[in-house]
Amino acid sequence: WTRSITGLTCLLRTELTAASAVEGRLHSLTASGPDGEIEIEADAFVDASGDANLTALSGAAWESAPPEKLLRPACIVELAGVDENALTDDGRLRLAHLLVRAVSAGRLSRVALGCAIRAGVHRGQAFATLDLEGHDAEGGPWQPTDPACVARAWPTGRDTLTAVLAEWRAQDAGMAAAEIRRWPQCLGVRESRRACGVLTLSGEDILHSARFDDAVARASWPLEYREKATGPKLVHPLRPEPAQIPLRCLRHRDIANLWLAGRCLSADHDAAASIRVMGTCLASGQAAGGAAARTRGGPVADWPELASQVRERSASFFQS
């Protein structure tokens, strides 16, 4: 379905460069585009940058796990020409075994062991995901907000995936016609900065399917730890029920008109391993935008009531 939204201006090829916050309020931000700088003023702002860029530039508080604990980045490519037999459970296991044997024989580097393949939605389509340590040639720490560090990690992903596909094509009939259809525009960063909200969602909240009187979204993904580039470690909730995400996690504790969405919302390292996935990010973005529009930067007198209004508006939006 499609929905027409009026009054929305989208600025492409534009990057946030500065923000001005005074006495607990964010007043304006500066963005840079092809024609120069643009000053933007608003009553309320939503930081959905993933890396909490607006939060950091405004001088507001944020947190980050130590580099050795940060969830590892990934390089994901779209493949075409993959036979469906290569994408069954047995087929994917066979491809994984091929990588192990190739690494043992010295044809591939150990980085290839972080590669997995999954089916797409179209015939012959698949996606190969390669987890990376993110280290540079000297073994420096992974710093996802350092452009130079991210740039140094990219060649490792590109070269490894190219070699992996060549190995699969040579060794498995189901991959003989496979080719890389699309490279990513950037590495997939799973965790970086997280803003400090009125309330911080914890991993224990996820595991115990916590309930909140100001809930506006659900966290239905397990804790998916990728602290090493050798595959995920999954920790599932104790009950088959999703945890709730409270609205208080979506507003900054120090900046009254700064709302938070996606993987930079207020959560600890453990909870971030769950809420960083796309569905949850979309739900929190809808909620943060609704709350920002309703409060217009003003104080929140009743969190449960505001959450109720946000939920009602979200439901009517998606049903229309």
Side-chain angles (χ1 to χ4, degrees), residues 1-2 10 12-13 48-51 71-103 107-134 142 144 147 149-192 221-222 224 226 228-232 234 262-263 273 275-283 285:
W1 54 269
T2 60
C10 183
L12 303 178
R13 300 174 63 194
S49 63
D51 294 323
L71 304 180
R72 299 295 99 182
C75 186
I76 305 173
V77 294
E78 180 187 351
L79 304 177
V82 180
D83 189 277
E84 61 182 14
N85 291 325
L87 299 173
T88 63
D89 289 345
D90 289 343
R92 291 187 293 117
L93 184 60
R94 184 175 63 250
L95 294 178
H97 285 167
L98 287 177
L99 296 184
V100 173
R101 290 204 296 267
V103 171
R107 294 193 301 273
L108 293 176
S109 73
R110 290 188 59 83
V111 178
L113 297 177
C115 187
I117 190 171
R118 68 183 188 278
V121 297
H122 303 294
R123 186 178 181 85
Q125 182 189 48
F127 293 90
T129 298
L130 176 68
D131 286 353
L132 299 168
E133 287 291 348
W142 168 236
C149 182
V150 175
R152 287 192 296 268
W154 166 248
T156 301
R158 177 199 61 206
D159 296 345
T160 303
L161 281 168
T162 301
V164 163
L165 181 57
E167 182 71 21
W168 280 342
R169 284 171 58 98
Q171 302 294 332
D172 190 273
M175 299 293 291
E179 61 181 5
I180 295 176
R181 171 176 287 176
R182 184 177 301 135
W183 288 95
Q185 293 185 346
C186 60
L187 288 183
V189 175
R190 292 187 170 103
E191 182 186 15
S192 56
W221 200 255
E224 183 185 343
R226 290 182 180 265
K228 296 181 180 179
T230 52
L234 299 176
R263 62 179 174 84
I275 60 91
R276 66 170 183 81
V277 297
M278 188 174 294
T280 313
C281 288
L282 292 172

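None of these values were measured; they are calculated from a predicted model.
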Given Arg263 and Glu191, is the side-chain contact (heavy atoms from CB on, under 4.5 Å) satisfied, shown in steps? CA-CA 7 Å; Arg263 62 179 174 84; Glu191 182 186 15; 5.5 Å; no
For the residue pair Ala112 and Leu99, what are the closest heavy atoms and their distance? O-CD1, 3.5 Å
In this structure, CG of Leu165 is separated from CG of Leu161 (nearest 0.5 Å) by 8.5 Å
Distance-minimising heavy-atom pair for Ala86 and Leu95: O-CD1, 3.8 Å
Strictly distance-based, threshold 3.5 Å: is any side-chain N or O of Arg72 a donor or acceptor partner for the main-chain N or O of Glu133? yes
Minimum-distance pair of heavy atoms, taken over all atoms of Cys115 and Ala128: SG-CB, 4.3 Å
Trp221 and Ala273 have their tightest heavy-atom pair at CD1-O, 4.3 Å
Find out whether Val82 and Met175 are in side-chain contact, i.e. whether some heavy atom of one side chain is under 4.5 Å from a heavy atom of the other. yes
I want to check something: taking the side chain as every heavy atom from C-beta on, are Thr88 and Arg94 in contact at a cut-off of under 4.5 Å? no
Nearest heavy atoms of Cys75 and Pro184, plus distance in Å: SG-CG, 4.0 Å
In sequence, state the C-alpha distance, the side-chain angles, and the governing distance for Arg276 and Leu71, and then conclude on side-chain contact (heavy atoms from CB on, under 4.5 Å). CA-CA 10 Å; Arg276 66 170 183 81; Leu71 304 180; 3.7 Å; yes
Are Ser192 and Trp142 close enough that some pair of their side-chain heavy atoms sits under 4.5 Å apart? no
With no hydrogens and no angle check, is any side-chain donor or acceptor of Gln125 less than 3.5 Å from a backbone partner on Val121? yes
Using a 4.5 Å cut-off on heavy atoms from C-beta on, say whether the side chain of Ser109 contacts that of Val103. no
Side chain to side chain, Ile180 and Glu78, heavy atoms closer than 4.5 Å: no
From Ile76 atom CD1 to Thr129 atom OG1, the distance as rounded to the nearest 0.5 Å: 4.0 Å
Here the gap from Glu167 atom CD to Leu98 atom CG, rounded to the nearest 0.5 Å, amounts to 7.0 Å
Would the distance check show the side chain of Thr160 and the main-chain N or O of Thr156 forming a donor-acceptor pair, the cut-off being under 3.5 Å? yes
So, taking the atom named CH2 in Trp154 and the one named SG in Cys149, what distance separates them when rounded to the nearest 0.5 Å? 15.0 Å
Under the side-chain contact (heavy atoms from CB on, under 4.5 Å) criterion, do Leu132 and Leu130 qualify, and how do the steps go? CA-CA 6 Å; Leu132 299 168; Leu130 176 68; 3.8 Å; yes
Rounded to the nearest 0.5 Å, what separation is found between the NE2 atom of His122 and the CZ atom of Arg181? 8.0 Å
With rounding to the nearest 0.5 angstrom, report the CG to CD distance, Leu79 to Glu179. 9.0 Å
Nearest atoms (heavy-atom pairs only) where Thr280 meets Ile275: CB-O, 3.6 Å
Using 4.0 Å as the upper bound for N to carboxylate O, is an ion pair formed by Arg226 and Glu224? yes
Less than 4.5 Å apart, side chain to side chain, heavy atoms only: is that true for Leu113 and Thr230? no
Within the 4.5 Å heavy-atom criterion, are Pro73 and Pro144 side-chain neighbours or not? no
